[in-house]
Amino acid sequence: MPDIKSSPARTVLADSNSKKSCLYVIFPGALLLFVVFFFTSSIYSQSYREKLSSFKNGVGQNVHTYDKCRKQCRPSGSEALPQGIVSSTSSLELRPLWMSKNGHHFQLNVKVKPSTSLFAMAVGIKQKDLVDKMVKKFLASNFTVTLFHYDGNVDEWKKFKWNDDVVHISVVDQGKWWFAKRFLHPDIVAEYDYIFLWDEDLGVENFHPEKYVSIVKEEGLEISQPALDPTKSEVHHQITARGRRSKVHRRTFKTVIDGKGCDGSSTAPPCTGWIEMMAPVFSRAAWRCVWYMIQNDLIHAWGLDMQLGYCSQGDRTKNVGVVDAEYIVHYNRPTLGGTDDKTTVKNVSDSSQEKDHRVDVSFTMMSLFVN
């Protein structure tokens, strides 16, 4: 007969053997998982350390490159100065010499709103009637105005009320491009969106500076000029004549004669992408380019007009244009020793006529680009 009292002991012993057997099965599996996990973690840890090291090296290299570039890219001569004190650009805005105790400025009409455009012009006292009208109009439109006096006569302008509100620069017998190269460096006019560099023999009765700027911004014109009133102006190139049915035009059409003419497929000046040099208007970006193109010995800018497309910031057939909605009159008055004898232009067959040096200058300008 079975011993009932010993049965619990045998049961406990069986359970104990079962647990040991289970541990023998689980332990190798757990050990295997631990080994796999250990080696996997080591591999990933090594990869992470390598990536982290690479990242740190990359960041360090970038910081070094940035610091190096920050020093090298600074204006020449400013390397020894603290970064915050360097002022690399300027403007032609007038500043008061001093202020009163209550904060009011003396002797200068300070503008409430800073100018965003510059109007510059080479002038002589003989053209004071036209100059007076232009200066008044541009000052009223909150332009900064600079006058280059090629005749050395500055004192006679003092009778005009606006005299103290403009910048006067005087050098005898120099043209506007000479002045522009030396006094309108891109860093000096960097604060202006547009630079108007005009001749003095222009009529502005139908011209409004603010409206003009609005149009060129809307049309995306980097280089432009106001159209000429063909009934009152001396028009040398058909593309500059005002079109009554358009706000802006970018090309002209001319019957082809002997292979020369302008049509819808023309891509070169003076058929498209071209303006004349008596009243050019440049965007800030375009002027930075044009300034570098102006040669130091350039006097009349003959030939420069044919190369302006290089500075149009893209497609010259789209970014260069003539504004018809705002137009001017070109009186073509002789200045700086020019001649008023128009027969010298018409009678080109006369061997006694003086040679037209504009052809030579144009050829020289084109040869610079070829070379």
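Just so you know, residue 1 is the first one in the sequence shown, and it goes up from there. This structure is a prediction, so every number in the text was calculated from the model and none was measured.
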message = Could you tell me if Asp229 and His330 have a donor-acceptor pair between their side chains, going purely by distance under 3.5 Å?
response = no
ask   = To the nearest 0.5 Å, how far apart are NZ in Lys318 and OG in Ser312?
value = 11.5 Å
key: Contacts of type side chain to side chain donor-acceptor pair (under 3.5 Å), residue Ser246, not counting sequence neighbours   = Asp324
request  = May I have the step-by-step check of side-chain contact (heavy atoms from CB on, under 4.5 Å) for Val167 and Phe183, ending in yes or no?
outcome  = CA-CA 11 Å; Val167 178; Phe183 298 103; over 6 Å; no
inquiry  = Give me the atom names and distance for the closest heavy-atom approach of Phe148 to Leu197.
reply    = CE1-CD1, 4.4 Å
inquiry  = When you group the ILVMFWY residues by side-chain heavy-atom contacts below 4.5 Å and let the links chain together, are Tyr194 and Val135 in the same group?
reply    = yes
query = Measuring from Ile239:CD1 to Ile275:CD1, what's the distance to the nearest 0.5 Å?
reply = 10.0 Å
ask   = Is the centre of the Tyr150 ring less than 6.0 Å from the centre of the Phe179 ring?
value = no
Trace of the side-chain contact (heavy atoms from CB on, under 4.5 Å) decision for Val323 with His249 = CA-CA 7 Å; Val323 178; His249 69 268; over 6 Å; no
request  = Could you tell me whether Lys133 and Glu205 make a salt bridge, using a distance below 4.0 angstrom between a side-chain N and a carboxylate O?
outcome  = yes
Contact check, side chains of Glu326 and Asn206, non-hydrogen atoms, under 4.5 Å = no
ask   = Side chains of Glu219 and Ile215: does their closest heavy-atom pair fall under 4.5 Å?
value = yes
query = Mind checking whether Leu298 and Lys181 have side chains closer than 4.5 Å, heavy atoms only?
reply = no
task = Calculate, to the nearest 0.5 Å, the distance between atoms CH2 and SG belonging to Trp274 and Cys262 respectively.
result = 10.5 Å
ask   = Of Asp165, Leu118, Val166, which meets side-chain contact (heavy atoms from CB on, under 4.5 Å) against Thr144?
value = Leu118
inquiry  = For Tyr327 together with Phe207, are the ring centres under 6.0 Å from each other?
reply    = no
inquiry  = I need the full list of disulfide (SG to SG under 2.5 Å) pairs touching residues 275-308, with sequence neighbours left out, sorted by first then second residue.
reply    = Cys289-Cys311
query = Got a sec, which pairs hit disulfide (SG to SG under 2.5 Å) with one end in residues 131-164, sequence neighbours left out?
reply = none
message = To check you understand the geometry: which heavy-atom pair defines the closest contact between Lys176 and Trp198, and what is its length?
response = NZ-C, 3.6 Å
Which atom of Met293 lies closest to which atom of Leu308, heavy atoms considered = CE-CD2, 4.0 Å
inquiry  = Once salt bridge (charged side-chain N to carboxylate O under 4.0 Å, His left out) is applied, do any residues pair with Lys247, and if so which ones, sequence neighbours excluded?
reply    = Glu218
message = Using a 3.5 Å distance criterion without hydrogens, assess whether the side chain of Ser233 forms a donor-acceptor pair with backbone atoms of Pro230.
response = no
key: Flag, side chain of Arg251 to backbone of Ser266, donor-acceptor distance under 3.5 Å   = yes
query = Quick one: are Lys254 and Cys271 in side-chain contact, heavy atoms under 4.5 Å?
reply = no
note = Minimal heavy-atom distance between Thr267 and Arg316, with the atoms involved, is O-CD, 4.3 Å
ask   = How many angstroms lie between OG1 in Thr252 and CD in Gln238, if you round to the nearest 0.5 Å?
value = 3.5 Å
inquiry  = Looking at Asn319, is its backbone amide N or carbonyl O close enough to the side chain of Gln313 to form a donor-acceptor pair, meaning the two atoms are under 3.5 Å apart?
reply    = no
What pairs of donor and acceptor atoms, side-chain ones from residues 278-288 against any protein atom, are under 3.5 angstrom apart with sequence neighbours left out?
unit_1, atom_1, unit_2, atom_2, d
Ser283, OG, Glu222, OE1, 2.3
Ser283, OG, Ala286, N, 3.1
Arg284, NE, Ala190, O, 2.6
Arg284, NE, Tyr192, O, 3.4
Arg284, NH2, Asp193, OD1, 2.7
Trp287, NE1, Leu184, O, 2.9
Arg288, NH2, Asp187, OD1, 2.8

query = Which heavy-atom pair separates Val248 from Leu221 by the least distance, and what is that distance?
reply = CG1-CD1, 3.9 Å
message = Test: salt bridge (Lys or Arg N to Asp or Glu O under 4.0 Å). Region: residues 134-147. Which pairs qualify, not counting sequence neighbours?
response = Asp132-Lys136
message = Working note: Phe143 + Ser115, criterion side-chain contact (heavy atoms from CB on, under 4.5 Å); need CA distance, chi angles, decisive distance, verdict.
response = CA-CA 5 Å; Phe143 275 60; Ser115 301; 5.6 Å; no
ask   = Within the side chain of Thr89, is there an N or O that forms a donor-acceptor pair under 3.5 Å with the backbone of Ile188?
value = no
query = If you group Ile, Leu, Val, Met, Phe, Trp and Tyr by side-chain heavy-atom gaps below 4.5 Å, do Leu130 and Val154 land in one group?
reply = no
Co-membership, hydrophobic cluster, residues Ile169 and Ile195, 4.5 Å side-chain = yes
ask   = Closest approach of Val213 and Val216, non-hydrogen atoms and distance?
value = O-CG2, 3.1 Å
ask   = Would you say Leu147 and Ile125 are hydrophobically clustered, going by side-chain heavy atoms of ILVMFWY under 4.5 Å?
value = yes
request  = Would you kindly check if the NZ (Lys) or CZ (Arg) of Lys128 is within the cone defined by 45 degrees around the ring axis of Trp157 and under 6.0 Å from the six-membered ring centre?
outcome  = no
task = Any chance you could measure Tyr331, atom OH, to Asp199, atom CG, to the nearest 0.5 Å?
result = 14.5 Å
task = To the nearest 0.5 angstrom, please state how far the OG1 atom of Thr116 sits from the CD atom of Glu210.
result = 8.5 Å
task = Using the rule that two of Ile, Leu, Val, Met, Phe, Trp, Tyr join whenever any of their side-chain heavy atoms come within less than 4.5 Å, decide whether Phe119 and Phe160 are in one cluster.
result = yes
message = Walk me through whether Arg182 and Val171 qualify under side-chain contact (heavy atoms from CB on, under 4.5 Å).
response = CA-CA 11 Å; Arg182 287 149 183 85; Val171 181; over 6 Å; no
